[in-house]
Amino acid sequence: MTADRPQDAVPPHLPRRIRVLLGCAFLLLVAAVVADLVTGPGTTLSPVLAVAPVLVGVTTRRPRVPMITGAIAIAAVALLELSNKGLPDSVHVTALITVLAATLASAANVGLVAARERELSQVRTVAEAAQRALLRPPPERIGPLRIAVRYAAAAAEARIGGDLYEVADTPYGIRILLGDVQGHGLPAVETAADVLGVFREAARTEPDLARVAERLDAALAGRPANERFVTALFLEVPPGGAAGFVNCGHPHPLLRRDGLVVELEPPLHAPPLGLLGLVGGQYLAGRFEPRTGDLLLLHTDGVSEARNAAGRFYPLAQRWAELHPGGPEDLLDALLGDVGAWVGAGGLDDDAAMLAVRWE
């Protein structure tokens, strides 16, 4: 792939402030040429034309663009020489060399930046594909449940993270996992892959939901020292009877019923996965009786700990109660947009994952 292919011709997005600065620089360059022509044959400002290819190089990803601009600048230097014949030849040669050197350097820089951007784009594409394969979209409907998931990265340059989710239809009912790995980037994704692999197997073989959590904790504890821990929330909806949940150091799920929202607190506050052996204790499952129309929100702390410009946390429970009734997909879209408006231009501080379940 060469630097002059069409996909490289798209100029980078320039903030308004940068465009203003470039415009001022071009105006100064034009003013210098006009001043050179007005001041007569005794002086010359032609070396300033070396700035032209440098300025153009900021606005393009095609090396030939600053090359063409440099050729025009060299022609302009030659024309200015005709009006400044009284100056020593060394002055004119210096101007030509300066413009030529700036042109070649600018073209080389544009080519290097374009190559690095292509490489970075390829790395991001591979990483995003890996995470999409890891976090498979859950079915919209499974049994009595309607399910939706939304995921938002903390920043555009860090599009992958450690938030994870899975929905499994098992002999013991529908089992759902939502978790958050400590840290970001590819190491966090690697840990998430291990957690999901163990969950997909344990969810289908362990009759006790708390035992599923213990299997995942043991798998993480068996990794090398100083590895990451994972906060996690497990939900189980059996074919009949009460639903169960196990909370491993994760934010409490929010149950919305008849316009009111309550937190589902576990019977015992337990540590994140991978830390149970350090603090002792065990994982216990809580229970609740779902009703038709109930909406349950599982989320990571990237949502509940989102801050606005004043440093205030996002009022997730209040917003979840205030949203107009609708399907899980519409509610999560509205909630995600509301979180974005709350944090403003600063963006999220952490990755945010939300999974909504409605009983139908």
Side-chain angles (χ1 to χ4, degrees), residues 1-128 153-159 185 344-347:
M1 183 183 297
T2 64
D4 286 344
R5 291 190 58 174
Q7 59 265 38
D8 302 315
V10 180
H13 175 70
L14 298 177
R16 184 176 180 275
R17 182 189 307 175
I18 301 301
R19 295 198 302 269
V20 170
L21 292 175
L22 287 175
C24 293
F26 277 113
L27 289 176
L28 287 173
L29 189 60
V30 173
V33 174
V34 173
D36 193 311
L37 295 173
V38 171
T39 54
T43 59
T44 182
L45 299 175
S46 58
V48 300
L49 288 169
V51 178
V54 176
L55 295 177
V56 171
V58 178
T59 66
T60 185
R61 289 298 175 262
R62 278 187 168 182
R64 67 183 182 187
V65 175
M67 292 289 288
I68 294 173
T69 304
I72 296 173
I74 290 174
V77 170
L79 291 176
L80 290 177
E81 288 180 3
L82 297 177
S83 62
N84 295 289
K85 293 182 178 180
L87 294 174
D89 292 340
S90 59
V91 174
H92 301 306
V93 172
T94 300
L96 289 171
I97 293 176
T98 302
V99 174
L100 181 59
T103 299
L104 296 176
S106 179
N109 182 68
V110 169
L112 179 61
V113 170
R116 288 180 174 175
E117 287 183 351
R118 286 196 304 273
E119 182 180 356
L120 179 59
S121 177
Q122 291 169 358
V123 171
R124 286 175 175 171
T125 299
V126 171
E128 289 176 328
E157 63 272 13
R159 301 178 189 179

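Computed from heavy atoms alone, side chains included, the values below leave out hydrogens, waters and symmetry copies.
A distance of 10.5 Å separates CD1 in Ile97 from CD1 in Ile74, rounded to the nearest 0.5 Å. In this structure, CZ in Arg16 is found 10.5 Å from CG in Leu21, a value given to the nearest 0.5 Å.
Closest approach of Ala50 to Ala102, counting heavy atoms only: O-CB, 3.3 Å. The shortest non-hydrogen separation linking Pro66 to Ser106 is CB-OG, 3.6 Å. Minimum heavy-atom separation, Ala52 to Leu29: CB-CD2, 3.7 Å. Across all non-hydrogen atoms, the minimal contact from Val110 to Arg61 is CG1-C, 3.6 Å. Residues Leu49 and Leu80 approach most closely at CD1-CD1, 4.1 Å, considering heavy atoms.
Taking 4.5 Å as the limit, every side-chain heavy atom of Thr98 sits out of range of all side-chain heavy atoms of Val77. Side chains of Val58 and Leu22 form a contact here, defined as non-hydrogen atoms less than 4.5 Å apart. Taking the side chain as every heavy atom from C-beta outward, Thr103 and Thr69 never approach each other to under 4.5 Å.
Within the structure, side chain to side chain donor-acceptor pair (under 3.5 Å) contacts touching residues 45-54 (residues at least two apart or in different chains) are Thr44-Ser46.
With sequence neighbours excluded, the residues forming a side chain to side chain contact (heavy atoms under 4.5 Å, CB included) with Ala25 are Leu55, listed by chain and number.
Of the possible polar contacts, one joining the Thr59 side chain to the Val56 backbone as a donor-acceptor pair under 3.5 Å is found.
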